[in-house]
Structure formats: structure tokens, C-alpha cells
Peer 1: 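Got a structure here, written out as C-alpha cells. Questions coming.
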Amino acid sequence: ATPSAAANLRPGAEQKVVFITARVHPGETPSSFVCQGIIDFLVSQHPIAKVLRDHLVFKIAPMLNPDGVYLGNYRCSLMGFDLNRHWANPSPWAHPTLHGVKQLIIEMYNNPKINLEFYIDIHAHSTMMNGFMYGNIFEDEERFQRQAVFPKLLCQNAEDFSYSSTSFNRDAVKAGTGRRFLGGLLNDTSYCYTLEVSFYSYVLGGPTSAVPYTEEAYMKLGRNVARTFLDYYRLNSLVERPLATTPKTR
């Protein structure tokens, strides 16, 4: 590693943080496979993963609703709460995972040495195909446009990700979600998304060419999400590439 590698982990260094959560709805199992793909890629020896680890700090909570998953619930926790509607005021007793994650996010937000740049909450969708994102609506037109950059880059990297299905909204019913609440809390250099992936298929080409999702395809989407940060932060030039063999001349 070069002397500047992992500079973001030196004591007192300024950190750029990407915070990822998944499985707040226990029945949305594809979100776990996407999250697994992200984790496996980031801890691998892949040259891109090494560059990402040197420049970014990834905080990942892969299962926000472990008791609901254990019980086989579809949407709610042990106590019957849809946790993704309680971000505004989570109880340490009734919504402990949300409370803990929110406290950590607020601590990072209040730390002048930490820039919390992304929050991505991974879900699965029962009626739509492909992967796509939900983002927020802002009065500031420039901020709204900047928010579209990451999903556009992801669309270039992942054949199963649809930018046309990606939407930006502020529905009242979604006010208690992680994306909406943190989008209102964090400053204008932070971007908060819900990443949705279909329970069943993605479309390549025409509407008749639906491809069934597999566990591996979900994990590939996760890998592509991770790789997209390389493009977003323009770190491509730092990736070590194998030396090309010189063709023999006669």
C-alpha cells in the first residue's frame, strides 16, 4: 500500500462515510442478498475494493429487524411495529435497532471530522421488476440534480438497475422512513436513498425478456452498488491494473 492509503482511518483524519442498512422488513429477503454482495465485495482483495476501503468508511447494518426475521414476519417486528415508519422518534425499548442506528448516525453527523455522504436502505419490491431507487425532493434545484448522479451511474454499471423506475417523492405516508427522515436531518451534501430490488425478475431489452432473479444476481447487484462509488468519487485512476504483456515482435 502507498503511504497515503487508508488515510481516512488515521486518527484525526476527516472521514467520508457511506451508511448502508437492510432488512428492516423481514419478508424482503432479496435485500439481504444485495447487502451480502456489497459486504463480500468490500472485504475482498479486488483492486476496486482496496481503493474504496482506502478512501471511504462503510458502516453497514445488514439486518435492522432480526427478531422479525427470526419469527418469519413479513413486515413487522416482534412487537408488531413496521420499523420503517418510526425513524422520527424510535424508542430504545420498542424499536432498539432503529434507536441504536439513529443515535450512531446523529453522532457522526455532529462530528466535524465526519462527512456522512450517503445513506442507502435496501428493500425488496413485490410488484415492480428490476432494481431501482427512491430519493427525496428538495426545493434546491441543484441539490435535486446532484441526487440523481448516483442512480444514473449505477444504471451504467448494473444491467438490472432501472433509472426510469427510479423516482423522487415526499409522500406523507413515507415520512417515517429512513430515507425521508434522514434526508430531512442531514445537510445538503448528504444523499439518502431507498434501494429497491424486485422479488422476482429484471428486464433486459424488451418487456417480454424478463430474467428471473437468483441469489447470485442479487449479490451481483450489491457488488455493482459498491463499484459505483468508484465512479462517483472519480477514483478509477487509482485502481491497480495487471501489466499488459508486450506482444512479441518478429
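What's counted below: heavy atoms across the whole structure, side chains too, no hydrogens, waters or symmetry copies. Since this is a predicted model, take the numbers as computed values, not measurements.
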Peer 1: Using side-chain hydrogen bond (donor to acceptor under 3.5 Å, both in side chains) as the criterion, point out the one residue from Arg23, Glu196, Arg179, Glu28 that pairs with His123.
Peer 2: Glu28
Peer 1: Hey, is the main chain of Val24 close enough, under 3.5 Å, to the side chain of Asn65 for a donor-acceptor pair?
Peer 2: yes
Peer 1: Nearest heavy-atom pair of Leu83 and Leu64: which atoms, and what distance?
Peer 2: CD1-O, 3.6 Å
Peer 1: Does any non-hydrogen side-chain atom of Gln36 lie less than 4.5 Å from one of Glu215?
Peer 2: no
Peer 1: Any chance the side chains of Gln15 and Asn115 put a donor and an acceptor closer than 3.5 Å?
Peer 2: no
Peer 1: Work out which heavy atom in Ile60 is nearest to a heavy atom in Leu42; give both atom names and the distance.
Peer 2: CD1-CD1, 4.1 Å
Peer 1: Among Tyr213, Phe132, Tyr202, which residue meets the ring-ring contact (aromatic ring centres under 6.0 Å, His included) test with His125?
Peer 2: Phe132
Peer 1: Identify the two heavy atoms, one from Ser32 and one from Met63, that lie closest to each other, and give their separation to 0.1 Å.
Peer 2: OG-CE, 4.4 Å
Peer 1: Using the rule that Ile, Leu, Val, Met, Phe, Trp and Tyr join whenever any side-chain heavy atoms are under 4.5 Å apart, tell me whether Val149 and Phe144 fall into a single cluster.
Peer 2: no
Peer 1: Determine whether more than 12 heavy atoms belonging to other residues, nucleotides or ligands lie under 6.0 Å from atom NZ of Lys102.
Peer 2: yes
Peer 1: Rounded to the nearest 0.5 Å, how far does CD1 of Ile20 lie from CD1 of Ile39?
Peer 2: 8.5 Å
Peer 1: Do the non-hydrogen side-chain atoms of Ser91 and His99 ever get within less than 4.5 Å of each other?
Peer 2: no
Peer 1: Quick one: do His55 and Tyr233 satisfy side chain to side chain contact (heavy atoms under 4.5 Å, CB included)? Show the steps, please.
Peer 2: CA-CA 9 Å; His55 289 83; Tyr233 287 103; over 6 Å; no
Peer 1: With the side chain counted from C-beta on, respond yes when Leu71 and Val69 share a heavy-atom pair under 4.5 Å apart, and no when they do not.
Peer 2: no
Peer 1: Should the pair Phe41 and His46 be assigned to parallel (<30°), tilted (30 to 60°) or perpendicular (>60°) ring geometry?
Peer 2: tilted
Peer 1: Quick check against the 3.5 Å criterion: does Ser190 have a side-chain atom that pairs as donor or acceptor with the backbone of Leu186?
Peer 2: no
Peer 1: Assess the residue pair Phe229 and Phe58 against the criterion (ring-ring contact (aromatic ring centres under 6.0 Å, His included)); give the C-alpha distance rounded to whole Å, side-chain angles, the decisive distance to 0.1 Å, and a yes or no.
Peer 2: CA-CA 11 Å; Phe229 288 104; Phe58 290 87; 5.7 Å; yes
Peer 1: Please report the interatomic distance CG(Asp54) to CG(Leu235), rounded to the nearest 0.5 Å.
Peer 2: 9.5 Å
Peer 1: Give, for atom OH of Tyr191 and atom CZ of Phe118, the distance between the pair rounded to the nearest 0.5 Å.
Peer 2: 7.5 Å
Peer 1: Quick one about His25 and Asp82 (side-chain donor to acceptor, distance below 3.5 Å, no hydrogens or angles considered), yes or no?
Peer 2: yes
Peer 1: Going by atom types only, do Thr21 and Tyr119 share a side-chain donor-acceptor pair under 3.5 Å?
Peer 2: yes
Peer 1: Side chain of Asn130, backbone of Ser198: donor and acceptor closer than 3.5 Å?
Peer 2: no
Peer 1: Checking side-chain polar atoms at under 3.5 Å, does Tyr163 have a donor or acceptor matched by the opposite partner on Gln156?
Peer 2: no
Peer 1: Under the salt bridge (Lys or Arg N to Asp or Glu O under 4.0 Å) rule, what do Lys220 and Glu216 come out as? Steps first, then yes or no, please.
Peer 2: CA-CA 6 Å; Lys220 183 179 179 183; Glu216 172 53 34; over 6 Å; no
Peer 1: Hey, any chance Leu204 and Tyr218 share a hydrophobic cluster, counting ILVMFWY side chains that come within less than 4.5 Å of each other, even indirectly?
Peer 2: yes
Peer 1: For a 4.5 angstrom cut-off between non-hydrogen side-chain atoms, does Val197 reach Ser31?
Peer 2: no
Peer 1: Show your working on ring-ring contact (aromatic ring centres under 6.0 Å, His included) between Tyr134 and Phe168 and close with a plain yes or no.
Peer 2: CA-CA 6 Å; Tyr134 292 127; Phe168 304 94; 9.4 Å; no
Peer 1: Would Phe181 end up clustered with Ile137 when hydrophobic side chains under 4.5 Å apart are linked, directly or stepwise?
Peer 2: no
Peer 1: Side chains of Glu107 and Gln103: is there a donor and an acceptor less than 3.5 Å apart?
Peer 2: no
Peer 1: Check whether any side-chain heavy atom of Leu195 sits under 4.5 Å from a side-chain heavy atom of Tyr193, and report yes or no.
Peer 2: no
Peer 1: For Asn73 and Arg75, indicate whether the former's side chain and the latter's backbone hold a donor-acceptor pair under 3.5 Å.
Peer 2: no
Peer 1: Nearest heavy-atom pair of Tyr200 and Thr127: which atoms, and what distance?
Peer 2: OH-O, 2.7 Å
Peer 1: Does Leu116 share a hydrophobic cluster with Leu104, counting links as ILVMFWY side-chain heavy atoms below 4.5 Å and allowing steps through other members?
Peer 2: yes
Peer 1: Any side-chain heavy atom of Lys16 sitting closer than 4.5 Å to one from Val57?
Peer 2: no
Peer 1: If you take all heavy atoms of Ser201 and Ala210, which pair is closest and at what distance?
Peer 2: CB-CB, 4.1 Å
Peer 1: Please tell me whether Thr194 and Asp121 have a donor and an acceptor in their side chains that are separated by less than 3.5 angstrom.
Peer 2: no
Peer 1: Which heavy-atom pair separates Pro92 from Pro96 by the least distance, and what is that distance?
Peer 2: O-CB, 3.4 Å
Peer 1: Apply side chain to side chain contact (heavy atoms under 4.5 Å, CB included) to the pair Val51 and Asn236, showing each step before the final yes or no.
Peer 2: CA-CA 9 Å; Val51 171; Asn236 305 66; over 6 Å; no
Peer 1: From Ile38 CD1 over to Ile120 CD1, what is the distance, rounded to the nearest 0.5 angstrom?
Peer 2: 6.5 Å
Peer 1: Could you tell me whether the side chain of Asn136 reaches within less than 4.5 Å of the side chain of Gln147, counting heavy atoms only?
Peer 2: yes
Peer 1: Examine distances only and state if a side-chain atom of Arg227 and a backbone atom of Gly222 form a donor-acceptor pair shorter than 3.5 Å.
Peer 2: no
Peer 1: Would you indicate whether the side-chain heavy atoms of Phe19 and Ile105 approach each other to under 4.5 Å?
Peer 2: yes
Peer 1: Going from CE on Met133 to SG on Cys155, what distance comes out if it is rounded to the nearest 0.5 angstrom?
Peer 2: 11.5 Å
Peer 1: Would you say Trp93 ends up clustered with Leu78 if hydrophobic residues are merged whenever their side chains have heavy atoms under 4.5 Å apart, either directly or through other cluster members?
Peer 2: no
Peer 1: As an exercise, state the distance from CG of Leu52 to OG1 of Thr228, rounded to the nearest 0.5 Å.
Peer 2: 9.5 Å
Peer 1: Tyr232 and Lys152: side chain to side chain contact (heavy atoms under 4.5 Å, CB included), yes or no, with the steps?
Peer 2: CA-CA 10 Å; Tyr232 183 86; Lys152 284 181 177 177; over 6 Å; no
Peer 1: Decide if atom OH of Tyr70 counts as having more than 12 heavy atoms of other residues, nucleotides or ligands within a radius under 6.0 Å.
Peer 2: no
